[in-house]
Protein chains: 2
Amino acid sequence: MTKKQLIMEKALELFAKQGFEATSVQQITDHCGISKGAFYLSFKSKDELIVALIDHFMRQFTADIDYVVNHEQNDADLLYKFYYTTFQSFNKHSDFAKILMKEPTQSFNEELFTKLHNYNKSLEKIILSMIDRLYGEQANDLKYDLAFCIKGFMNTYSELFLLYKLPIDLDLLARSLVEKTDLLAKNMTLSFISDELIQMIDQPLNEERTLAQIVEIVEKNIEDMEDSIEKESLILLKQELLEPALHPAIVKGLLENIRQHPHCKWVAYLLRRHFGIK
Amino acid sequence: MTKKQLIMEKALELFAKQGFEATSVQQITDHCGISKGAFYLSFKSKDELIVALIDHFMRQFTADIDYVVNHEQNDADLLYKFYYTTFQSFNKHSDFAKILMKEPTQSFNEELFTKLHNYNKSLEKIILSMIDRLYGEQANDLKYDLAFCIKGFMNTYSELFLLYKLPIDLDLLARSLVEKTDLLAKNMTLSFISDELIQMIDQPLNEERTLAQIVEIVEKNIEDMEDSIEKESLILLKQELLEPALHPAIVKGLLENIRQHPHCKWVAYLLRRHFGIK
DNA sequence: CATACTAATGACTACACGGTCAATTGTCAA
DNA sequence: TTGACAATTGACCGTGTAGTCATTAGTATG
């Protein structure tokens with residue numbers, strides 16, 4: 001484990017207990033068993049650590065959900081898989097989820113707020129594509145409301161195990177939320193959230209990634225990796241970004257190679273979107 | 001206006017923007033146009049100010065909602081009035097609502113956490129009484145789930161105007177949430193949140209259970225069970241309570257044995273806490 | 001073993017915080 | 001106008017913070 005990873009891991013525990021503000025760098029380094037100076041060899045500042053943590057987990061989370069939604073063939077299982085994976089992920093990374101749910105986002109600096117907003121939008125996009133696939137025309141006017149309800153369920157029910165550390169029957173939870181969602185989708189008539197409203201929310205924060213940005217992210221990823229099949233796959237994919245030459249099937253295979261690697265989930269997500277591969 | 005009120009008003013604005021931690025007493029007094037010393041004539045400490053703010057608004061909010069729910073004669077309008085009043089109140093006191101939604105509750109001191117938990121319980125009680133009145137027997141097993149959904153709606157939809165300051169059609173919002181709530185109440189079949197689960201949530205805030213109490217609960221559980229692996233496991237765990245002898249790994253295994261048994265979840269939860277096993 | 005280099009340390013700085021209190025200002029009855 | 005008292009101030013204190021950097025420890029190479 002690199003020092004960076006150690007710091008991130010230990011810092012997360014403290015942040016979850018005390019929040020960002022209330023946790024000092026000294027506490028973090030003590031908890032890691034390293035000196036304060038060593039901390040600043042890995043991170044330029046405390047803020048950079050926070051950004052790194054948020055990126056690390058949000059990328060993984062977004063990528064996981066996206067994969068599940070895109071790879072579930074059976075419509076009947078889609079919603080279930082979505083909820084199950086979501087809560088499983090929350091449960092696995094409960095320290096981070098706790099921070100995410102409760103940290104006062106508006107008090108962050110602009111950069112972090114925008115960042116979180118964008119991740120939130122990614123999640124919303126995934127949810128909307130799922131709604132579209134399952135209910136299509138039937139729920140067109142209601143899709144945003146439905147997405148909001150789904151997010152509301154996620155928020156409220158996750159409190160149960162984040163705040164109170166209760167044992168959770170994930171299967172039952174997922175099934176019960178599927179039922180609720182399905183009921184709403186098939187019977188709702190009143191739409192509150194219009195396209196217009198969504199546009200107003202999105203207005204200031206639009207941002208597509210350019211090819212160059214993606215290449216840059218891939219390169220950074222390659223640097224951080226140890227020699228392995230995954231690294232080789234990523235290098236090949238980077239070449240494919242710059243000079244498309246490979247058969248789609250090969251690209252898909254390469255993406256599959258890196259999908260499970262914990263540090264590649266985000267980059268795999270970006271690449272899947274870029275190459276238009278499910 | 002008394003000095004106390006002035007301070008509370010001005011402090012609230014800053015807290016909403018920056019959070020409690022990030023707002024200094026100096027900032028507050030500057031914003032009020034008074035000296036730091038004057039602040040401490042009105043409040044013993046910054047914490048006392050925070051408590052005063054939370055009490056002031058939560059009392060008002062709880063009382064408002066309670067009044068509406070208790071004084072609405074017409075069942076058909078009850079839910080609508082509830083949602084309308086709630087969001088109107090959020091809107092009116094949006095600075096406070098913002099704090100409430102986003103402040104990391106777990107990082108507060110014990111007193112504040114308990115306080116908020118109690119207000120939350122009051123609100124839940126009001127919601128549950130409303131559910132009981134409207135749907136009675138029909139939704140008895142589902143009442144907690146329904147209450148959670150209502151809270152989820154409140155949370156998610158309030159973000160729209162708390163975070164993004166959008167103009168809101170309160171009437172349409174309330175009507176659309178009434179529809180959703182009604183749909184769920186009349187058609188849901190799967191209950192996720194049981195009485196047992198609610199008990200577990202309330203538990204950690206009460207006093208710690210003594211060993212004797214836990215033993216008693218375990219014994220009662222054993223009596224009610226049929227002969228099985230689970231029962232044997234529970235008997236062994238009871239002995240372990242009285243005379244610790246087993247390896248932690250064995251204890252964990254025994255706990256795992258009873259975890260899924262429907263009548264053991266509560267006792268498994270207590271035991272996990274007692275033995276300090278995740 | 002000597003050298004060159006990197007990794008790691010922790011004492012240190014500058015500063016911001018919550019909270020205090022001697023000194024100052026404002027008020028009003030005598 | 002005086003004097004007694006209450007209200008208010010802001011310099012000050014101890015503490016804890018983020019971040020720096022001269023120094024030291026560790027390691028690889030010739």
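The sequence lines fix the lettering, A, B, ..., with proteins before strands; numbering per chain opens at 1. Hydrogens, waters and symmetry mates play no part in the numbers below; they use all other heavy atoms, side chains included.
Listed by residue number, the members of residues 23-32 of chain B with any heavy atom below 4.0 angstrom from DNA chain C are B/Thr23, B/Ser24, B/Val25.
For A/Asn120, the side-chain contact (heavy atoms from CB on, under 4.5 Å) partners at least two apart in sequence or on another chain are A/Lys151. Residues passing the ring-ring contact (aromatic ring centres under 6.0 Å, His included) test with B/Phe96, sequence neighbours excluded: B/Phe57. Partners of A/Lys121 under the salt bridge (charged side-chain N to carboxylate O under 4.0 Å, His left out) rule, at least two apart in sequence or in another chain, are A/Glu124, A/Asp202. Take B/Ser122 and apply the side-chain contact (heavy atoms from CB on, under 4.5 Å) test, not counting sequence neighbours, and it matches B/Thr62. Residues that satisfy the ring-ring contact (aromatic ring centres under 6.0 Å, His included) test with A/Phe90, not counting sequence neighbours, are A/Phe61. Every residue meeting the ring-ring contact (aromatic ring centres under 6.0 Å, His included) condition with A/Tyr84, not counting sequence neighbours, appears here in chain and number order: A/Tyr80. Not counting sequence neighbours, the partners of B/Glu48 by the side-chain contact (heavy atoms from CB on, under 4.5 Å) test are B/Phe43, B/Lys44, B/Ser45. A/Gln239 is linked by a side chain to side chain donor-acceptor pair (under 3.5 Å) to nothing, counting only residues two or more places apart in sequence or in another chain. Every residue two or more places apart in sequence or in another chain that forms a side chain to side chain donor-acceptor pair (under 3.5 Å) with B/Asp30 is listed here: B/Gln26.
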Worksheet, complete the sentence: With B for base contact, S for sugar-phosphate-only contact and - for none (protein heavy atoms under 4.0 Å), nucleotides 20-25 of chain D reads BB----
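In summary, A/Asp66 and A/Lys125 do not engage in a salt bridge, as defined by a charged side-chain N under 4.0 Å from a carboxylate O.
With rounding to whole Å, B/Phe39 atom CZ is found 16 Å from D/dG10 atom C1'. Distance, B/Ile34 CD1 to D/dT9 P: 7 Å, rounded to whole Å.
First and last contacts of DNA chain C with chain A, using any nucleotide atom under 4.0 Å from a protein heavy atom and ordered 5' to 3', fall at C/dA8 to C/dG10.
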